[in-house]
Amino acid sequence: MKLLPGADSAGELVGESEVWPGVADPAGLLSGITEWLTGYGNRQTRRTYAEGLGLPVTADDLGAWVQPEITAPDRWADAVADYAQAVVAPATKPTRRSAPPPASRGRLRACHWLRWCVAKGVDPTVATSAQVKTWLSDLESAGAAPSTRDRMLATVKTMYASLADAGVVAANPAALDRRRLGLTAAAASTSATITLTTRQVAALHRAAGTPRRGASACDVARAVTVVALFTLGLRVSELCGLDEADLHVTRGRRALRVRGKGGKVRVVYLSVPAENALLEYLALRADGAGSAIVAGKRAGGAQSDRPLLVTRNGRRFARQAVWQLLRRVAASAGADLAGVAEMMHPHALRHFYVTAAVEAGASLEHVQADVGHASIDTTSGVYDHAARDPARSAVDLVADAWHPAST
(Lines give C-alpha, C1' and ligand atoms only; values in the text may rest on other atoms or scores of the structure.)
Protein backbone atom coordinates (compact mmCIF):
# COMPACT_ATOMS: atom_id res chain seq x y z
CA MET A 1 0.00 0.00 0.00
CA LYS A 2 1.05 3.61 -0.54
CA LEU A 3 -0.21 7.15 -0.22
CA LEU A 4 -2.22 8.18 -3.24
CA PRO A 5 -0.94 11.38 -4.90
CA GLY A 6 -3.42 14.17 -4.38
CA ALA A 7 -5.21 12.42 -1.51
CA ASP A 8 -6.82 14.47 1.22
CA SER A 9 -4.77 15.70 4.14
CA ALA A 10 -5.44 12.55 6.10
CA GLY A 11 -4.08 10.42 3.25
CA GLU A 12 -5.58 7.38 1.58
CA LEU A 13 -3.95 3.97 1.63
CA VAL A 14 -4.29 1.76 -1.39
CA GLY A 15 -3.54 -1.95 -1.79
CA GLU A 16 -0.66 -2.79 -4.11
CA SER A 17 1.41 -5.90 -4.70
CA GLU A 18 3.02 -5.46 -1.30
CA VAL A 19 0.84 -6.43 1.64
CA TRP A 20 2.72 -4.23 4.09
CA PRO A 21 5.48 -2.16 2.42
CA GLY A 22 8.91 -2.59 3.89
CA VAL A 23 7.90 -5.28 6.38
CA ALA A 24 9.75 -8.55 5.89
CA ASP A 25 7.10 -10.66 7.62
CA PRO A 26 3.76 -8.81 7.60
CA ALA A 27 1.81 -11.88 8.74
CA GLY A 28 4.14 -12.29 11.70
CA LEU A 29 3.76 -8.63 12.67
CA LEU A 30 -0.03 -8.68 12.42
CA SER A 31 -0.18 -11.97 14.33
CA GLY A 32 2.01 -10.49 17.07
CA ILE A 33 -0.24 -7.44 17.32
CA THR A 34 -3.33 -9.66 17.40
CA GLU A 35 -1.84 -11.74 20.20
CA TRP A 36 -1.17 -8.60 22.19
CA LEU A 37 -4.68 -7.23 21.61
CA THR A 38 -6.25 -10.56 22.54
CA GLY A 39 -4.73 -10.15 25.99
CA TYR A 40 -7.50 -7.64 26.69
CA GLY A 41 -10.75 -9.43 27.44
CA ASN A 42 -12.97 -6.50 26.49
CA ARG A 43 -13.49 -6.27 22.72
CA GLN A 44 -14.05 -2.53 22.89
CA THR A 45 -10.65 -2.09 24.54
CA ARG A 46 -9.06 -4.05 21.70
CA ARG A 47 -10.88 -1.91 19.15
CA THR A 48 -9.75 1.28 20.86
CA TYR A 49 -6.10 0.25 20.82
CA ALA A 50 -6.30 -1.07 17.25
CA GLU A 51 -7.91 2.15 16.03
CA GLY A 52 -5.28 4.23 17.78
CA LEU A 53 -2.56 2.31 15.96
CA GLY A 54 -4.18 2.77 12.55
CA LEU A 55 -5.66 -0.70 12.13
CA PRO A 56 -9.20 -1.54 10.95
CA VAL A 57 -12.03 -1.85 13.43
CA THR A 58 -14.98 -2.54 11.11
CA ALA A 59 -15.84 -5.26 8.64
CA ASP A 60 -16.17 -2.60 5.92
CA ASP A 61 -12.57 -1.54 6.47
CA LEU A 62 -11.41 -5.11 6.05
CA GLY A 63 -13.55 -5.71 2.97
CA ALA A 64 -12.35 -2.52 1.29
CA TRP A 65 -8.79 -3.84 1.14
CA VAL A 66 -9.32 -7.21 -0.50
CA GLN A 67 -7.13 -7.74 -3.54
CA PRO A 68 -9.29 -9.70 -5.98
CA GLU A 69 -6.37 -10.68 -8.19
CA ILE A 70 -4.91 -12.84 -5.41
CA THR A 71 -7.12 -15.78 -4.53
CA ALA A 72 -4.88 -18.30 -2.78
CA PRO A 73 -5.10 -18.33 1.04
CA ASP A 74 -1.76 -17.80 2.80
CA ARG A 75 -0.24 -16.79 6.12
CA TRP A 76 -1.37 -13.21 5.60
CA ALA A 77 -4.98 -14.27 5.02
CA ASP A 78 -4.82 -16.40 8.17
CA ALA A 79 -3.36 -13.48 10.12
CA VAL A 80 -6.12 -11.15 8.90
CA ALA A 81 -8.77 -13.72 9.85
CA ASP A 82 -7.33 -14.06 13.36
CA TYR A 83 -7.21 -10.28 13.71
CA ALA A 84 -10.82 -9.95 12.53
CA GLN A 85 -11.89 -12.62 15.02
CA ALA A 86 -10.21 -10.80 17.89
CA VAL A 87 -11.04 -7.19 17.05
CA VAL A 88 -13.65 -6.80 14.35
CA ALA A 89 -16.12 -9.67 14.52
CA PRO A 90 -16.19 -13.45 14.23
CA ALA A 91 -15.26 -14.19 10.65
CA THR A 92 -14.32 -17.05 8.39
CA LYS A 93 -10.85 -17.12 6.93
CA PRO A 94 -10.62 -14.82 3.89
CA THR A 95 -9.64 -16.41 0.62
CA ARG A 96 -8.10 -13.23 -0.75
CA ARG A 97 -5.18 -11.17 0.43
CA SER A 98 -5.85 -7.91 2.28
CA ALA A 99 -3.67 -4.90 2.97
CA PRO A 100 -3.83 -3.03 6.31
CA PRO A 101 -6.86 -0.76 5.83
CA PRO A 102 -7.37 2.78 7.08
CA ALA A 103 -8.34 3.71 10.59
CA SER A 104 -11.47 5.72 11.25
CA ARG A 105 -11.62 9.35 10.15
CA GLY A 106 -10.17 12.03 12.37
CA ARG A 107 -7.78 14.95 12.26
CA LEU A 108 -4.95 12.78 13.63
CA ARG A 109 -5.74 9.88 11.33
CA ALA A 110 -2.56 10.21 9.28
CA CYS A 111 -0.52 10.22 12.49
CA HIS A 112 -1.72 6.93 13.88
CA TRP A 113 1.52 5.01 14.36
CA LEU A 114 1.19 2.26 11.76
CA ARG A 115 -0.26 4.65 9.15
CA TRP A 116 2.56 7.09 9.87
CA CYS A 117 5.09 4.30 9.35
CA VAL A 118 3.59 3.49 5.94
CA ALA A 119 3.63 7.15 4.91
CA LYS A 120 7.25 7.58 6.00
CA GLY A 121 8.48 4.25 4.64
CA VAL A 122 9.33 3.00 8.13
CA ASP A 123 9.30 -0.73 8.86
CA PRO A 124 7.53 -0.97 12.27
CA THR A 125 9.51 -4.10 13.15
CA VAL A 126 12.83 -2.21 13.05
CA ALA A 127 11.65 1.28 14.05
CA THR A 128 14.06 3.27 16.20
CA SER A 129 13.55 5.58 19.15
CA ALA A 130 14.58 8.49 16.94
CA GLN A 131 11.74 7.65 14.56
CA VAL A 132 9.29 7.42 17.45
CA LYS A 133 10.40 10.89 18.56
CA THR A 134 9.88 12.19 15.01
CA TRP A 135 6.40 10.68 15.07
CA LEU A 136 5.65 12.44 18.36
CA SER A 137 6.89 15.70 16.86
CA ASP A 138 4.56 15.21 13.89
CA LEU A 139 1.71 14.54 16.29
CA GLU A 140 2.47 17.83 18.06
CA SER A 141 2.56 19.66 14.73
CA ALA A 142 -0.82 18.13 13.90
CA GLY A 143 -2.26 19.68 17.04
CA ALA A 144 -2.27 16.69 19.40
CA ALA A 145 -2.35 17.74 23.04
CA PRO A 146 0.35 16.46 25.41
CA SER A 147 -2.15 14.10 27.03
CA THR A 148 -3.11 12.72 23.61
CA ARG A 149 0.54 12.19 22.67
CA ASP A 150 1.16 10.53 26.01
CA ARG A 151 -1.79 8.18 25.51
CA MET A 152 -0.76 7.28 21.96
CA LEU A 153 2.85 6.72 23.02
CA ALA A 154 1.68 4.51 25.89
CA THR A 155 -0.29 2.36 23.43
CA VAL A 156 2.68 2.00 21.08
CA LYS A 157 5.02 1.27 23.98
CA THR A 158 2.73 -1.44 25.34
CA MET A 159 2.38 -3.00 21.90
CA TYR A 160 6.15 -3.10 21.39
CA ALA A 161 6.71 -4.54 24.85
CA SER A 162 4.49 -7.48 23.87
CA LEU A 163 6.11 -7.82 20.43
CA ALA A 164 9.58 -7.81 22.00
CA ASP A 165 8.47 -10.40 24.53
CA ALA A 166 7.28 -12.59 21.65
CA GLY A 167 10.48 -12.09 19.65
CA VAL A 168 8.74 -10.24 16.78
CA VAL A 169 10.97 -7.20 17.36
CA ALA A 170 14.39 -6.93 18.95
CA ALA A 171 13.67 -4.01 21.29
CA ASN A 172 11.04 -1.48 22.33
CA PRO A 173 11.68 1.81 20.49
CA ALA A 174 8.86 3.53 22.38
CA ALA A 175 10.39 2.96 25.83
CA LEU A 176 11.11 6.66 26.22
CA ASP A 177 11.25 9.02 29.20
CA ARG A 178 7.88 10.76 29.03
CA ARG A 179 8.88 13.53 31.41
CA ARG A 180 11.80 14.54 29.22
CA LEU A 181 9.46 14.55 26.27
CA GLY A 182 7.18 17.00 28.05
CA LEU A 183 4.25 14.63 28.26
CA THR A 184 2.33 15.47 31.37
CA ALA A 185 -0.13 12.64 31.88
CA ALA A 186 -0.34 11.66 35.53
CA ALA A 187 2.02 8.82 36.35
CA ALA A 188 0.39 7.88 39.63
CA SER A 189 -3.08 7.08 38.34
CA THR A 190 -4.74 3.83 39.28
CA SER A 191 -3.79 0.92 37.07
CA ALA A 192 -6.39 -0.29 34.57
CA THR A 193 -5.54 -3.89 35.52
CA ILE A 194 -8.29 -5.36 37.65
CA THR A 195 -7.44 -5.99 41.30
CA LEU A 196 -8.63 -9.44 42.30
CA THR A 197 -9.63 -10.36 45.82
CA THR A 198 -8.50 -13.53 47.58
CA ARG A 199 -12.06 -14.82 47.30
CA GLN A 200 -12.06 -14.26 43.54
CA VAL A 201 -8.74 -16.05 43.08
CA ALA A 202 -10.00 -18.97 45.16
CA ALA A 203 -13.15 -19.08 43.00
CA LEU A 204 -11.01 -19.07 39.85
CA HIS A 205 -8.95 -21.96 41.20
CA ARG A 206 -12.07 -23.97 42.06
CA ALA A 207 -13.61 -23.32 38.66
CA ALA A 208 -10.44 -24.50 36.93
CA GLY A 209 -10.74 -27.82 38.73
CA THR A 210 -14.38 -28.37 37.88
CA PRO A 211 -14.81 -31.16 35.29
CA ARG A 212 -16.37 -30.02 32.05
CA ARG A 213 -17.80 -31.77 29.02
CA GLY A 214 -15.16 -32.88 26.55
CA ALA A 215 -12.26 -32.22 28.92
CA SER A 216 -10.01 -35.05 30.08
CA ALA A 217 -8.64 -35.31 33.60
CA CYS A 218 -5.33 -34.03 32.22
CA ASP A 219 -7.05 -31.00 30.66
CA VAL A 220 -8.62 -30.12 33.98
CA ALA A 221 -5.36 -30.64 35.86
CA ARG A 222 -3.57 -28.38 33.38
CA ALA A 223 -6.15 -25.62 33.90
CA VAL A 224 -5.69 -25.85 37.68
CA THR A 225 -1.92 -25.75 37.22
CA VAL A 226 -2.07 -22.64 35.05
CA VAL A 227 -4.14 -20.76 37.63
CA ALA A 228 -1.99 -21.98 40.53
CA LEU A 229 1.30 -21.07 38.83
CA PHE A 230 0.02 -17.59 38.01
CA THR A 231 -0.60 -17.01 41.71
CA LEU A 232 3.21 -17.18 42.09
CA GLY A 233 3.52 -13.86 40.26
CA LEU A 234 4.71 -15.19 36.89
CA ARG A 235 4.42 -13.33 33.60
CA VAL A 236 2.51 -15.15 30.86
CA SER A 237 5.66 -15.35 28.71
CA GLU A 238 7.55 -16.85 31.66
CA LEU A 239 4.84 -19.45 32.22
CA CYS A 240 4.78 -20.48 28.57
CA GLY A 241 8.58 -20.64 28.43
CA LEU A 242 8.96 -23.13 31.28
CA ASP A 243 10.50 -26.51 30.49
CA GLU A 244 10.22 -29.71 32.51
CA ALA A 245 13.87 -29.30 33.47
CA ASP A 246 13.05 -25.98 35.15
CA LEU A 247 11.27 -27.87 37.92
CA HIS A 248 13.86 -28.74 40.55
CA VAL A 249 14.49 -28.98 44.28
CA THR A 250 16.61 -26.37 46.02
CA ARG A 251 17.09 -25.79 49.75
CA GLY A 252 14.78 -28.74 50.32
CA ARG A 253 11.86 -27.24 48.44
CA ARG A 254 10.50 -27.59 44.91
CA ALA A 255 10.98 -24.51 42.77
CA LEU A 256 11.01 -23.31 39.17
CA ARG A 257 13.83 -21.68 37.21
CA VAL A 258 12.02 -18.81 35.54
CA ARG A 259 13.51 -16.85 32.64
CA GLY A 260 12.34 -13.27 32.90
CA LYS A 261 12.89 -10.13 30.90
CA GLY A 262 16.37 -9.67 29.54
CA GLY A 263 17.09 -13.37 29.93
CA LYS A 264 17.44 -13.03 33.71
CA VAL A 265 16.81 -16.27 35.58
CA ARG A 266 15.26 -16.33 39.04
CA VAL A 267 14.14 -19.08 41.38
CA VAL A 268 10.42 -19.13 42.18
CA TYR A 269 9.42 -21.44 45.03
CA LEU A 270 6.20 -23.40 44.66
CA SER A 271 3.38 -22.79 47.10
CA VAL A 272 1.56 -25.89 48.37
CA PRO A 273 -1.41 -25.50 45.98
CA ALA A 274 0.93 -24.83 43.05
CA GLU A 275 3.11 -27.82 43.86
CA ASN A 276 0.14 -30.15 44.28
CA ALA A 277 -1.46 -28.97 41.04
CA LEU A 278 1.75 -29.24 39.03
CA LEU A 279 2.69 -32.70 40.30
CA GLU A 280 -0.81 -34.03 39.63
CA TYR A 281 -0.72 -32.62 36.11
CA LEU A 282 2.71 -34.09 35.39
CA ALA A 283 1.64 -37.46 36.77
CA LEU A 284 -1.33 -37.50 34.40
CA ARG A 285 1.03 -36.54 31.61
CA ALA A 286 3.29 -39.49 32.36
CA ASP A 287 4.73 -41.11 29.26
CA GLY A 288 3.66 -44.44 27.80
CA ALA A 289 6.03 -46.37 30.06
CA GLY A 290 4.31 -44.87 33.07
CA SER A 291 7.32 -42.91 34.32
CA ALA A 292 6.19 -39.70 35.97
CA ILE A 293 8.25 -36.52 35.76
CA VAL A 294 9.51 -35.28 39.11
CA ALA A 295 11.65 -32.18 39.60
CA GLY A 296 12.80 -31.90 36.01
CA LYS A 297 13.87 -35.55 35.57
CA ARG A 298 12.14 -38.67 34.45
CA ALA A 299 12.01 -41.68 36.73
CA GLY A 300 14.98 -43.08 34.85
CA GLY A 301 17.01 -39.96 35.60
CA ALA A 302 17.28 -38.51 32.10
CA GLN A 303 17.00 -34.74 31.97
CA SER A 304 13.98 -33.51 30.04
CA ASP A 305 13.77 -30.29 28.02
CA ARG A 306 10.16 -30.71 26.97
CA PRO A 307 7.77 -27.82 27.67
CA LEU A 308 6.31 -27.92 31.16
CA LEU A 309 2.83 -27.07 29.87
CA VAL A 310 1.70 -28.62 26.62
CA THR A 311 -1.42 -28.77 24.51
CA ARG A 312 -3.23 -32.01 23.75
CA ASN A 313 -0.96 -32.60 20.75
CA GLY A 314 2.18 -32.03 22.82
CA ARG A 315 3.04 -28.53 21.65
CA ARG A 316 4.17 -25.73 23.94
CA PHE A 317 1.30 -23.70 25.33
CA ALA A 318 0.99 -20.33 23.57
CA ARG A 319 0.21 -17.09 25.38
CA GLN A 320 -3.03 -16.61 23.50
CA ALA A 321 -4.19 -20.08 24.56
CA VAL A 322 -3.40 -19.20 28.18
CA TRP A 323 -5.45 -16.00 27.96
CA GLN A 324 -8.36 -17.90 26.46
CA LEU A 325 -8.14 -20.57 29.15
CA LEU A 326 -8.22 -17.99 31.93
CA ARG A 327 -11.23 -16.22 30.46
CA ARG A 328 -13.10 -19.47 29.94
CA VAL A 329 -12.43 -20.51 33.53
CA ALA A 330 -13.38 -17.05 34.85
CA ALA A 331 -16.63 -17.13 32.88
CA SER A 332 -17.53 -20.43 34.53
CA ALA A 333 -16.65 -19.30 38.06
CA GLY A 334 -20.08 -17.92 38.88
CA ALA A 335 -21.06 -14.81 40.79
CA ASP A 336 -17.66 -14.12 42.33
CA LEU A 337 -16.12 -13.33 38.94
CA ALA A 338 -19.22 -12.35 36.97
CA GLY A 339 -18.22 -8.69 36.82
CA VAL A 340 -14.60 -9.20 35.79
CA ALA A 341 -14.56 -12.37 33.68
CA GLU A 342 -14.22 -10.46 30.39
CA MET A 343 -11.32 -8.44 31.81
CA MET A 344 -9.44 -11.45 33.16
CA HIS A 345 -5.80 -11.29 32.16
CA PRO A 346 -2.65 -13.09 33.35
CA HIS A 347 -1.32 -9.78 34.64
CA ALA A 348 -4.30 -9.53 37.00
CA LEU A 349 -2.99 -12.57 38.87
CA ARG A 350 0.55 -11.18 38.84
CA HIS A 351 -0.79 -7.95 40.34
CA PHE A 352 -2.75 -10.01 42.86
CA TYR A 353 0.49 -11.64 44.01
CA VAL A 354 2.13 -8.25 44.60
CA THR A 355 -0.82 -6.65 46.41
CA ALA A 356 -1.65 -9.73 48.48
CA ALA A 357 2.00 -10.22 49.49
CA VAL A 358 2.51 -6.60 50.55
CA GLU A 359 -0.76 -6.44 52.44
CA ALA A 360 0.18 -9.69 54.21
CA GLY A 361 3.34 -8.00 55.49
CA ALA A 362 5.99 -9.19 53.01
CA SER A 363 8.84 -6.77 52.37
CA LEU A 364 8.95 -5.02 49.03
CA GLU A 365 12.47 -6.38 48.45
CA HIS A 366 11.26 -9.96 48.78
CA VAL A 367 8.28 -9.35 46.53
CA GLN A 368 10.54 -7.65 43.99
CA ALA A 369 12.75 -10.75 43.88
CA ASP A 370 9.73 -13.07 43.62
CA VAL A 371 8.23 -11.36 40.56
CA GLY A 372 11.49 -10.37 38.86
CA HIS A 373 11.10 -6.60 38.86
CA ALA A 374 14.35 -4.84 37.92
CA SER A 375 13.55 -1.97 40.28
CA ILE A 376 11.79 -1.91 43.62
CA ASP A 377 10.01 1.22 42.34
CA THR A 378 8.16 -1.00 39.88
CA THR A 379 7.03 -3.30 42.68
CA SER A 380 5.94 -0.34 44.77
CA GLY A 381 4.19 1.18 41.77
CA VAL A 382 2.16 -1.98 41.11
CA TYR A 383 0.96 -1.92 44.70
CA ASP A 384 0.38 1.83 44.90
CA HIS A 385 -1.52 1.97 41.60
CA ALA A 386 -3.79 -0.96 42.41
CA ALA A 387 -7.29 -0.31 43.64
CA ARG A 388 -7.02 -0.17 47.43
CA ASP A 389 -8.51 -2.77 49.72
CA PRO A 390 -11.89 -1.35 50.82
CA ALA A 391 -10.73 -1.80 54.42
CA ARG A 392 -8.14 0.94 53.75
CA SER A 393 -10.83 3.42 52.77
CA ALA A 394 -12.78 5.77 55.05
CA VAL A 395 -15.85 5.71 52.82
CA ASP A 396 -17.89 3.56 55.24
CA LEU A 397 -16.95 5.75 58.20
CA VAL A 398 -18.20 8.81 56.35
CA ALA A 399 -21.39 7.00 55.34
CA ASP A 400 -21.98 6.03 58.97
CA ALA A 401 -21.65 9.67 59.97
CA TRP A 402 -24.39 10.94 57.68
CA HIS A 403 -26.47 7.79 57.05
CA PRO A 404 -26.17 5.26 59.89
CA ALA A 405 -28.55 2.84 58.19
CA SER A 406 -26.15 2.44 55.26
CA THR A 407 -24.10 -0.31 56.94
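This is a predicted model, so every value here is computed, not measured. Both backbone and side-chain heavy atoms feed into the values below; hydrogens, waters and symmetry mates do not.
- Across all their heavy atoms, Q200 and L337 have their closest contact at CB-CD2, 3.6 Å.
- Judged by distance alone, the side chain of S162 and the main-chain N or O of M159 form no donor-acceptor pair under 3.5 Å.
- Proximity of L163 to Y160: side-chain heavy atoms (C-beta onward) are separated by under 4.5 Å at one or more points.
- The CG atom of L53 sits 7.0 Å away from the CG atom of L37 when rounded to the nearest 0.5 Å.
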**Message:** Test side chain to side chain contact (heavy atoms under 4.5 Å, CB included) on L239 and F317; report intermediate values, then the result.
**Reply:** CA-CA 9 Å; L239 181 77; F317 236 60; over 6 Å; no

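- Nearest heavy atoms, V169 versus P124: CG1-O, 4.5 Å.
- Considering only residues two or more places apart in sequence or on other chains, Y49 meets the ring pair (Phe, Tyr, Trp, His ring centres under 6.0 Å) condition with W36, Y40.
- T198 has its side chain within reach of F352: a pair of non-hydrogen atoms, C-beta onward, lies under 4.5 Å apart.
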**Request:** Might you work through the side-chain hydrogen bond (donor to acceptor under 3.5 Å, both in side chains) test for T34 and D82, ending with a clear yes or no?
**Result:** CA-CA 7 Å; T34 299; D82 290 342; over 6 Å; no

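- For the atom pair SG (C218) and CZ (R312), the distance works out to 9.5 Å, reported to the nearest 0.5 Å.
- Between the side chain of R257 and the main chain of V267, no donor-acceptor pair closer than 3.5 Å is present.
- Here the CZ-SG distance, from R235 to C240, works out to 13.5 Å after rounding to the nearest 0.5 Å.
- Of all heavy-atom pairs between A50 and V87, the closest is CB-CG1, 4.0 Å.
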**Message:** Could you walk me through whether L234 and Y353 satisfy the side chain to side chain contact (heavy atoms under 4.5 Å, CB included) test, starting with their C-alpha distance in whole Å, then the side-chain angles of each, then the deciding distance to 0.1 Å, before giving a yes or no?
**Reply:** CA-CA 9 Å; L234 301 183; Y353 183 86; over 6 Å; no

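- For R47, there are no salt bridge (Lys or Arg N to Asp or Glu O under 4.0 Å) partners, not counting sequence neighbours.
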**Item:** Check against side chain to side chain contact (heavy atoms under 4.5 Å, CB included), L308 and L282
**Value:** CA-CA 8 Å; L308 188 67; L282 292 178; 4.2 Å; yes

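- At least one donor-acceptor pair under 3.5 Å links the side chain of R46 to the backbone N or O of A86.
- Residues L30 and V80 meet the side-chain proximity criterion, which asks for heavy atoms closer than 4.5 Å.
- A donor-acceptor contact shorter than 3.5 Å links the side chain of Y83 to the backbone of P56.
- When side chains are defined from C-beta on, L270 does not count as touching R253, because their heavy atoms never get closer than 4.5 Å.
- Between A215 and V220, the shortest heavy-atom distance links the atoms CB-CG2, 4.2 Å.
- Contact annotation: the side chain of L204 approaches that of L349 to within less than 4.5 Å [non-hydrogen atoms, C-beta and beyond].
- Of all heavy-atom pairs between D138 and K120, the closest is OD2-CE, 3.6 Å.
- For residues 269-282, every residue pair satisfying the salt bridge (Lys or Arg N to Asp or Glu O under 4.0 Å) rule, not counting sequence neighbours, is listed here: R254-E275.
- By the side chain to side chain donor-acceptor pair (under 3.5 Å) test, R222 is found to be paired with D219, residues two or more places apart in sequence or in another chain being considered.
- Taking OG1 from T250 and CG from L256, the interatomic distance works out to 12.0 Å, rounded to the nearest 0.5 Å.
- Of the possible donor and acceptor atoms, one in the side chain of D246 sits under 3.5 Å from a partner among the backbone N and O of D243.
- Applying the salt bridge (Lys or Arg N to Asp or Glu O under 4.0 Å) definition to pairs two or more places apart or across chains, those involving residues 28-42 are E35-R319.
- Checking side-chain atoms of W113 against main-chain N and O of G52 turns up no donor-acceptor pair under 3.5 Å.
- Side-chain atoms of R199 do not come within 3.5 Å of backbone N or O of D336 as any donor-acceptor pair.
- Side-chain N or O atoms of R149 include none that pairs as donor or acceptor with a backbone N or O of L139 at under 3.5 Å.
- The pair D150-K157 does not count as a salt bridge, with every side-chain nitrogen at least 4.0 angstrom from each carboxylate oxygen.
- Atom-to-atom distance recorded for Q324:CD and R328:CZ is 10.0 Å, nearest 0.5 angstrom.
- Judged by distance alone, the side chain of S129 and the main-chain N or O of P173 form a donor-acceptor pair under 3.5 Å.
- Among all heavy-atom pairs drawn from P273 and A228, the shortest one is O-CB, 4.1 Å.
- Between V268 and D370, every side-chain heavy-atom pair lies at or beyond the 4.5 Å cut-off.
- Residue E244 holds its CD atom at 4.5 Å from CZ of R285, rounded to the nearest 0.5 Å.
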**Request:** Show your working on side chain to side chain contact (heavy atoms under 4.5 Å, CB included) between T155 and T48 and close with a plain yes or no.
**Result:** CA-CA 10 Å; T155 299; T48 298; over 6 Å; no

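- A distance-only check finds a donor-acceptor pair linking the side chain of D123 to the backbone of T125 [under 3.5 Å].
- Residue pairs meeting the salt bridge (Lys or Arg N to Asp or Glu O under 4.0 Å) criterion with at least one member in residues 22-32, sequence neighbours excluded, are D25-R75.
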